[in-house]
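Below you'll find the structure, written out as structure tokens, and then a few comments.
Numbering of ligands and ligand atoms starts at 1, following listing order. Keep in mind that what you see is a predicted model, and the values were worked out from it rather than measured. Residues: numbered from 1 along the sequence shown.
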Amino acid sequence: GLGGKKVNVLVVGLDNSGKTTTIERLKPRSKQSVEVAPTVGFNVDEFQRGGLKFTAFDMSGAGRYRVLWEQYYQEAQAVVFVIDSADKLRLVVAKDELDNMLGHPQLGRGVPLLLLANKRDLPTALSPVEIAQALRLEDIRQRPWQIVPSNALTGDGLDRGIEWLAGKLL
Ligand code: GTP
Ligand code: MG
């Protein structure tokens, strides 16, 4: 049918990584916001891709709000973890938060994980391979995962990432 099956996608990652910008870019042009501000708490939004109707839980990545993420683990049918590829200093913090999430009992076992190596346009951006190594993604065995470079400002890479996710959900 129109829009297809409904899927709850949890969008997490550190503050300033580009989560809200990513979701805006996945929405139809007429519904995209011009300005994106740091998220307070979280927002719920919707977009359609790959024959699926996504309900996105756009969480704030700010330290004081990260405790909210776990409240949505149980309902999450897919997770998008957004990384600022140029934020080398906080990659270790991103790894900590990723590990916390993946070790949490409420997150469903087979739930697919898409990692967006965002801000690939920045000259100091690390490659997806370097990020995968820093986050030790090869240790993730109990769920499908994929890392895709993206530029949320242009939308570059987002379709590829979401299509991979959709393929794991059909
Ligand atoms: P919180 O809501 O605070 O957790 O942040 P967020 O992850 O939602 O980040 P947001 O989408 O607000 O983007 C933060 C800043 O990064 C904004 O100024 C965006 O315009 C910018 N930004 C997002 N994606 C990209 C990208 O791919 N490349 C570049 N150069 N800038 C980006
Ligand atoms: Mg945000």
Side-chain angles (χ1 to χ4, degrees), residues 7-49 54-73 75-102 104 106-107 111-132 134-135 137 145-165:
V7 176
N8 289 331
V9 58
L10 181 69
V11 184
V12 292
L14 301 186
D15 50 296
N16 198 51
S17 56
K19 300 177 292 298
T20 304
T21 308
T22 295
I23 294 165
E24 283 301 317
R25 205 58 67 237
L26 288 165
K27 284 156 57 174
R29 203 170 281 273
S30 62
K31 290 185 180 169
Q32 291 179 11
S33 306
V34 187
E35 290 277 321
V36 166
T39 306
V40 175
F42 72 99
N43 282 309
V44 182
D45 226 322
E46 286 185 344
F47 62 88
Q48 295 182 18
R49 272 297 185 294
F54 289 93
T55 300
F57 293 80
D58 174 18
M59 307 306 295
S60 166
R64 65 187 173 285
Y65 292 124
R66 284 178 211 151
V67 293
L68 297 176
W69 298 3
E70 66 181 15
Q71 302 199 10
Y72 299 90
Y73 289 165
E75 286 136 283
Q77 294 162 291
V79 176
V80 177
F81 193 98
V82 184
I83 297 137
D84 177 344
S85 304
D87 191 359
K88 293 190 185 76
L89 281 176
R90 293 203 302 163
L91 208 46
V92 54
V93 183
K95 182 186 184 330
D96 259 9
E97 296 297 356
L98 178 65
D99 289 350
N100 283 342
M101 177 177 73
L102 295 178
H104 198 287
Q106 306 263 48
L107 188 70
V111 169
L113 169 67
L114 169 68
L115 299 111
L116 290 177
N118 195 40
K119 305 199 185 183
R120 67 175 303 186
D121 55 296
L122 295 181
T124 59
L126 295 173
S127 73
V129 171
E130 290 172 303
I131 292 169
L135 299 180
L137 298 182
W145 63 267
Q146 181 70 269
I147 184 163
V148 172
S150 65
N151 176 349
L153 295 179
T154 60
D156 182 31
L158 299 184
D159 282 342
R160 202 184 128 209
I162 296 299
E163 269 156 32
W164 174 83
L165 208 54

Quick check against the 3.5 Å criterion: does [X] have a side-chain atom that pairs as donor or acceptor with the backbone of [Y]?
X      : Y      : result
Gln77  : Asn8   : yes
Lys88  : Leu126 : no
Ser60  : Ala62  : yes
Lys19  : Leu14  : yes
Ser127 : Glu130 : yes
Glu70  : Met101 : no
Arg49  : Leu26  : yes
Arg120 : Asn151 : no

Any protein heavy atom lying closer than 4.0 Å to atom 29 (C) of ligand 1?
yes

Per-atom contact, atom 3 (O) of ligand 1, protein heavy atoms, under 4.0 angstrom:
yes

Can Asp58 and Thr20 be counted as having a side-chain donor-acceptor contact under 3.5 angstrom?
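Judged by distance alone, the side chains do pair up.
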
Is there a side chain to side chain contact (heavy atoms under 4.5 Å, CB included) between Leu153 and Thr21 once you walk through the steps?
CA-CA 7 Å; Leu153 295 179; Thr21 308; 4.0 Å; yes

Can you tell me if Ser60 has a non-hydrogen atom under 4.0 Å from ligand 1?
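So Ser60 counts as touching ligand 1.
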
State if Val82 counts as touching ligand 1 under the rule of any non-hydrogen atom under 4.0 Å.
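Not so, Val82 does not reach ligand 1.
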
Can you tell me which residue and heavy atom of the protein come closest to [atom], and the distance to 0.1 Å?
atom                    : answer
atom 12 (O) of ligand 1 : Val36 CG1, 3.3 Å
atom 24 (N) of ligand 1 : Asn118 ND2, 3.1 Å
atom 14 (C) of ligand 1 : Asn16 OD1, 3.1 Å
atom 31 (N) of ligand 1 : Leu153 CD1, 3.5 Å
atom 7 (O) of ligand 1  : Lys19 NZ, 2.7 Å
atom 13 (O) of ligand 1 : Thr21 OG1, 3.4 Å
atom 22 (N) of ligand 1 : Lys119 CE, 3.7 Å
atom 27 (O) of ligand 1 : Ala152 N, 2.9 Å

Pull out every atom of ligand 1 sitting under 4.0 Å from any heavy atom of [X], numbered as shown with elements.
X      : value
Asn151 : 26 (C), 27 (O), 28 (N)
Pro38  : 2 (O), 3 (O)
Thr39  : 1 (P), 2 (O), 3 (O)

Regarding ligand 1, does [X] bring an N or O atom to under 3.5 Å of one of the ligand's N or O atoms?
X      : value
Thr22  : no
Gly18  : yes
Thr20  : yes
Gly13  : no
Leu122 : no

Would Thr21 count as a contact for the Mg ion (ligand 2), in the sense that one of its N, O or S atoms lies under 2.8 Å from it?
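No, Thr21 does not qualify, because none of its backbone or side-chain N, O or S atoms lies under 2.8 Å.
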
Taking both backbone and side chain into account, is any N, O or S atom of Met59 nearer than 2.8 Å to the Mg ion (ligand 2)?
no

Taking the six-membered ring for Trp and the full ring for Phe, Tyr or His, determine whether the centres of Tyr72 and Phe42 are under 6.0 Å apart.
yes

Should the pair Phe47 and Phe54 be assigned to parallel (<30°), tilted (30 to 60°) or perpendicular (>60°) ring geometry?
parallel

Go through the steps for Ser150 and Asn118 under the test side-chain hydrogen bond (donor to acceptor under 3.5 Å, both in side chains), then give the verdict.
CA-CA 5 Å; Ser150 65; Asn118 195 40; 2.9 Å; yes

